[in-house]
Amino acid sequence: MKSILPGEKKPSPSKTMDIEGELCSDENRIANSFNLFFATAVSRMKHALGVGTSRNRHCTGHGANRSLPNFKFEKVSETFVLKTIKQLKSGKACGLDDISPRMLKDSAEVIAKPLTRLINASLSQGAVPRAWKFTKVILLFKEGVATEMYNYRPISVVTAPLPSI
């Protein structure tokens, strides 16, 4: 990957992408193509490696006779939530909720208790607030030809676990 020097602008995704052998500039088609490309990345890798095929069954994971350990979530403590909020990196980007890490850190003493209750309720009920299920994907150009999708990697910007106000 090419190094970016201080003061240099990072390259942005190409306005034109190669989709099925033709150059396309339709933003919706490009976005949908990237979505499909990244959503099927694991399947493509498994296929390329022959994982799950009859010639390579030993790579498919747990055998039928092997039992998996039980897994359960533990409640989180207010101390843990407070410590986690205070460890956020202030310079990072806002999530989809537009709440900056700096604001979360500055309000940590006030929000830790209700946030802990919200997290524990979510864990005990096995339900996640709808707002926490969304992410914004930003494309990061690696190197090579800018019109080829495999020269990008996705970076996810998630919503901070706070209730919508």
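- A distance of 9.5 Å separates OG in Ser77 from NZ in Lys83, rounded to the nearest 0.5 Å.
- Atom CE of Met149 has more than 12 heavy atoms from other residues, nucleotides or ligands within 6.0 Å.
- With a 6.0 Å radius and a threshold of 12 heavy atoms from other residues, nucleotides or ligands, Arg102 has its CZ atom above the threshold.
- Considering only heavy atoms from C-beta on, Leu139 comes within 4.5 Å of Phe34 through its side chain.
- Counting heavy atoms from C-beta on, the side chains of Glu148 and Asn151 come closer than 4.5 Å.
- Leu36 approaches Thr40 most closely through the heavy-atom pair O-OG1, 2.7 Å.
- Of all non-hydrogen atoms in Ala127 and Ser122, the two that sit nearest each other are O-OG, 2.5 Å.
- Between Glu22 and Glu20, the closest side-chain pair of non-hydrogen atoms is not below 4.5 Å.
- A distance-only check finds a donor-acceptor pair linking the side chain of Asn32 to the backbone of Asn28 [under 3.5 Å].
- Contact record, Thr116 with Val76: CG2-O, 3.4 Å, taken as the closest heavy-atom pair.
- Considering every non-hydrogen atom in both Pro154 and Val137, the closest pair reads CB-CG1, 3.6 Å.
- Within the 4.5 Å cutoff, the side chain of Met17 has no heavy atoms near those of the Ser33 side chain.
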From CA spacing to verdict: side chain to side chain contact (heavy atoms under 4.5 Å, CB included), Leu88, Lys92: CA-CA 8 Å; Leu88 291 172; Lys92 295 293 181 177; over 6 Å; no
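- Leu118 contributes atom CG, which lies 14.5 Å from atom NZ of Lys113 (distance to the nearest 0.5 angstrom).
- Using modelled atom types, no side-chain atom of Ser25 and backbone atom of Thr16 make a donor-acceptor pair closer than 3.5 Å.
- Within 6.0 Å of the CD atom in Gln87, the count of heavy atoms belonging to other residues, nucleotides or ligands exceeds 12.
- Looking only at side-chain heavy atoms (C-beta outward), Leu104 and Ile111 come within less than 4.5 Å of each other.
- The two atoms that bring Val81 and Ala112 nearest to each other are CG1-O, 4.0 Å, heavy atoms only.
- The closest donor-acceptor contact from the side chain of Ser107 to the backbone of Val110 lies at 3.5 Å or more, if one exists at all.
- The backbone N or O of Phe37 sits nowhere less than 3.5 Å from a side-chain atom of Tyr150 that would complete a donor-acceptor pair.
- Asp18 CG to Ile30 CD1: the interatomic distance, rounded to the nearest 0.5 Å, is 10.5 Å.
- Connection of Leu82 to Ile119 is not established within any shared hydrophobic cluster, with ILVMFWY side chains joined at heavy-atom distances below 4.5 Å, either directly or through further cluster members.
- Residues Lys75 and Leu123 fail the side-chain proximity criterion, which asks for heavy atoms closer than 4.5 Å.
- You'll find the side chain of Ile85 reaches within 4.5 Å of the side chain of Leu115, heavy atoms only.
- Figure legend: Arg153 and Phe38 shown without cation-pi pairing, the cationic atom not lying both under 6.0 angstrom from the six-membered ring centre and within 45 degrees of its axis.
- Between Lys86 and Glu109, at least one side-chain nitrogen of the basic residue sits less than 4.0 Å from a carboxylate oxygen of the acidic one, meeting the salt-bridge criterion.
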